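A short write-up of the structure that comes next.
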Amino acid sequence: MYQRKNNYSIHAIPVLKDNIIWIWTDGSEAVVIDPAISQPVKMWLKQNNLKLTAVLQTHHHSDHIGGTQELLMDWPEAEVVASKADLKRIPFQTISVKNGTEFVLMRQPLIVIDVPGHTNAHVAYYVPYTNRMSPKPSLFCGDALFGAGCGRLFEGSAETMFKSLGKLKQLPESTQIYCAHEYTVANLRWAHEIYPDNELISKRLTSTIKKRAEGLLSLPSSLEEEKKTNLFIRAKTIEEFKRLRLHKDNW
Ligand SMILES: [Zn+2]
C-alpha cells in the first residue's frame, strides 16, 4: 500500500560551475528547484525511488530552467511553478504565480515572494512549515540572495533589489536560505576586504573556507547569519546598497 511519508529533507546537487539544484522531498515525492540540467536530478530521484511532483522556477535564466523539459519527459504530470509575468520566458508552466500566491506541495503550504532586481519577474518560495515537528522554515531564493551576497542587477535597479531584500528580511531569523549558486567564499572575501576588522565576517569566512575545503557546501545559511554578515542585507539605505553593488560588480 502507498504510504505517505513526512520525512522532509532537502538535498543539494551541485552542477555546472557553481549552480546548486535543490531537491525537497517528503520521502516519497520530490520538488526540484531550478534544475539547470536534468541528468543528475533524474538519477538521484530514481536511485531514491522518488516521484517528481513539481519543478519550482525562480527566474528564466537558462542555468535555472535548462533541465525542466527533460524532467517532464519522465514525469509528465509534474507541476511547473513560475512567475505569471514570465509566461513567455519560462515555458511549461502549470501553476503561474505572483507575489502572495499560496499553494500546497507535499502537504505543505508555500508562499510566493516577489523579489525583482536580478530579473524583473524573479520570485522566491517560502515554506513556513505548519507542523511543530517539521524542520525550520525554508526559503528557495534563486539568484536574489546569496550567502553573503545578492544577485547582479540585470533587469532591475538598485532601488528594486533593495526593496526585494527588505521583504526577505521580514522572514523569521531561523529561515534557512537555499540559494542557487555557491558564491559564499568570494562574497565573504570581498566583505572582509571592506571591513577587515569585522569579527563576524572574518569568522564566517574562516569557517566557510574550511567547509569548502572538506568538500561541503556553504549552504543553506540562515537569515540570522545573513543579517549579521551579508553587507547587502545590512545596507540601511538605497544609496549604501547601490555603492556596495557597484563596488562588488567591479571587484
Ligand atoms: Zn540568474
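Whatever order the structure lists them in is the order used to number ligands and atoms, beginning at 1. Quick caveat: nothing in here was measured; it's all calculated off a predicted structure.
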For this session: Step by step, work out the side-chain hydrogen bond (donor to acceptor under 3.5 Å, both in side chains) result for Ser9 and Asn7.
Result: CA-CA 6 Å; Ser9 63; Asn7 301 326; over 6 Å; no
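- Asn49 places no side-chain N or O within donor-acceptor distance of the main-chain N or O of Leu45, the cut-off being under 3.5 Å.
- Through side-chain heavy atoms spaced under 4.5 Å, either directly or across other Ile, Leu, Val, Met, Phe, Trp or Tyr residues, Tyr183 is tied to Phe146.
- With a 6.0 Å radius and a threshold of 12 heavy atoms from other residues, nucleotides or ligands, Lys163 has its NZ atom at or below the threshold.
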Exercise. Passes side-chain contact (heavy atoms from CB on, under 4.5 Å), Val55 versus Glu79? Steps please.
Worked result: CA-CA 6 Å; Val55 175; Glu79 305 282 1; over 6 Å; no
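- Protein-derived N/O/S atoms nearer than 2.8 Å to the Zn ion (ligand 1) total 4, waters excluded.
- The ring pair (Phe, Tyr, Trp, His ring centres under 6.0 Å) test with Phe140 singles out one residue from Tyr126, Tyr178, Trp22, and that residue is Tyr178.
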